[in-house]
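All values below were derived from every heavy atom in this structure, side-chain atoms included, with hydrogens, water molecules and symmetry-related copies excluded. This is a predicted model, so every value here is computed, not measured. In what follows, chains are A, B, ... by sequence order, proteins preceding strands, each numbered from 1.
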Number of protein chains: 2
Amino acid sequence: MEDKIIQFIKRYIDLSDAEADIVRDSSHIESFKKNDILLSEGEYSKNHYFILKGCVRTYYIIDGNEKTTEFYTENQSIVPASMVTKEPSEYFISCLEDCTIAIGSEERDLVLIERIPKLKNLIMKSDIQVRIHNQVMFDNFKSKTPEMRYHFLLDTRPDLFNRVPLHQLATYLGITPVSLSRMRKRISTKR
Amino acid sequence: MEDKIIQFIKRYIDLSDAEADIVRDSSHIESFKKNDILLSEGEYSKNHYFILKGCVRTYYIIDGNEKTTEFYTENQSIVPASMVTKEPSEYFISCLEDCTIAIGSEERDLVLIERIPKLKNLIMKSDIQVRIHNQVMFDNFKSKTPEMRYHFLLDTRPDLFNRVPLHQLATYLGITPVSLSRMRKRISTKR
DNA sequence: TTTATTAATTATCCAAGGTTAAGTTTTATA
DNA sequence: TATAAAACTTAACCTTGGATAATTAATAAA
């Protein structure tokens, strides 16, 4: 299980066997049950997460309605904005399934970076990768219709449709659940 | 002029006078004319930019139509995706006004980081700040109507309305120029 | 200053998402 | 297993944005 973390890191930087052992030894892995909340609105986050198994969702509540902002599945990492800004979180993070998650903390990060300084490069590289990916996703979102976004999601993350309730996919796509239902009907009768 | 760069850096990390001098000495400042292109689609970017004066726009072309993705004004920095990915750029970067811009290159960055290692922290911090800001903007975009986005832009970046043609603001807001024109009419007759 | 080009507006028609409410299906739980 | 709760669907009505085309305004170029 810990090897998934090593593999993730090796996508960005080289890691000797000895260094991999250090990372392995310092990883904290926890299990969560479906619907467990990793972080609530208003809380200060001191952890970041790496999904080993399961599916996690980030969302916020506006006018009483949940808006899903992202789904995270195996081998994806979550660094809550709150951890960076030191402000109370605007977002919830909760488990859509039973999950196994590696939890990183600021203190342990400092110790790890002390021992393996090049981990700084990992942070730099992965952050900017995420930044660029988000930018592309945002730009696409702007110029595509909801139906195009639906098809794009089907193409790129088909697994979500088996793991996630439709009303959460709807707000993720920037539309209402009612509208998504109607759209699916429209698409299915089209062919 | 160079001091704007120093001030920007000091928002993220401390810098001694000696270090500030090093940064100042190694900065390359260039002037550009309105409509000058800093980067074209298909090109490989080896530079990043810090706007000292003027306004710069990033956009891409899809189905023959320009889609503006961001406006950058004084004291904002641009790190093109292409510079990170080493892939040809999907985006154009062009000057909306006569501009004064500090240009950073990969080679000079390496030398600078060699001399001032803590600049790595600057990169880490500013990257993640941008990432989080983009995430919030994206989430807001999804849950707001075009009209709400228009008002939000008016509130947060009123200067753009004096510097940028409306049809470019329109695609930035994710709508067509025709639609923006109609919306403005609707808003003005509402009160 | 005239002319050409580009930007912005306006109108018409259409497609599609938002809202609300009712009904159905599925899932969870007592 | 029966009951309650949650998820999903469907329908009706309304609003608003997209597409197209024509017109006017503003800007740039000859």
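Other residues, nucleotides and ligands contribute only 12 or fewer heavy atoms inside 6.0 Å of the CG atom of B:Asp17. A 6.0 Å sphere centred on CD of B:Glu90 holds no more than 12 heavy atoms belonging to other residues, nucleotides or ligands. Within a 6.0 Å sphere centred on CD of A:Glu70, heavy atoms belonging to other residues, nucleotides or ligands number more than 12. Atom CG of B:Asp25 has more than 12 neighbouring heavy atoms from other residues, nucleotides or ligands inside a 6.0 Å radius.
Scanning both residues, A:Asp14 and A:Glu19, for their nearest heavy atoms gives O-OE1, 4.3 Å.
Looking at residues two or more places apart in sequence or on another chain, you find a side-chain contact (heavy atoms from CB on, under 4.5 Å) between A:Leu166 and A:Leu169, A:Leu180, A:Arg184. A:Glu147 is linked by a side-chain hydrogen bond (donor to acceptor under 3.5 Å, both in side chains) to A:Arg186, A:Lys190, counting only residues two or more places apart in sequence or in another chain. Partners of A:Thr69 by side-chain hydrogen bond (donor to acceptor under 3.5 Å, both in side chains), not counting sequence neighbours, listed by chain and number: A:Thr58. The side-chain contact (heavy atoms from CB on, under 4.5 Å) search around B:Asn134 returns A:Arg131, A:Gln135, B:Val130, not counting sequence neighbours.
Note: A:Tyr60 and A:Tyr91 have perpendicular aromatic rings, judged against thresholds of 30 and 60 degrees for the angle between ring planes. The aromatic rings of A:Phe141 and B:Phe138 stand perpendicular to each other, their planes meeting at an angle above 60°, with 30° marking the opposite boundary.
For residues 169-181 of chain B, there are no salt bridge (charged side-chain N to carboxylate O under 4.0 Å, His left out) pairs, not counting sequence neighbours. Residue pairs satisfying the side-chain hydrogen bond (donor to acceptor under 3.5 Å, both in side chains) criterion with at least one member in residues 34-51 of chain A, sequence neighbours excluded, are listed as follows: A:His48-A:Asp109.
Taken over five-pair windows at either terminus, the axes of the helix from C:dT1-D:dA30 to C:dA30-D:dT1 are inclined to one another by 50° (rounded to 10 degrees).
Between B:Arg24 and B:Asp21 a salt bridge is recorded (basic side-chain N to carboxylate O distance below 4.0 Å).
To the nearest angstrom, C1' of D:dA25 lies 14 Å from CZ of B:Arg184.
For DNA chain D, no neighbouring residue in residues 63-72 of chain B is found when judged by any heavy atom under 4.0 Å. Of the residues in residues 169-182 of chain B, those lying under 4.0 Å from DNA chain D by heavy-atom distance are B:Gly174, B:Ile175, B:Thr176, B:Val178, B:Ser179, B:Arg182.
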Contact list (N/O, under 3.5 angstrom) for nucleotides 5-7 of chain D vs protein:
none

Write down the protein N/O and nucleotide N/O pairs, taken from nucleotides 28-30 of chain D, whose separation is under 3.5 Å; answer none if there are no such pairs.
none

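Remark: A:Lys185 is not in phosphate contact with D:dT9, judged by side-chain N or O atoms under 4.0 Å from OP1 or OP2.
B:Ser26 and B:Arg108 form no side-chain donor-acceptor contact under 3.5 Å, judged by distance and modelled atom types alone.
Where DNA chain C meets chain B (any atom under 4.0 Å from a heavy atom), the bounding nucleotides read 5' to 3' are C:dA7 to C:dT12.
A donor-acceptor pair is defined here as one N or O able to donate and one able to accept, closer than 3.5 Å; such a pair exists between the side chain of A:Arg157 and the backbone of A:Phe71.
Atom-to-atom distance recorded for A:Ile187:CD1 and A:Tyr150:OH is 5.5 Å, nearest 0.5 angstrom.
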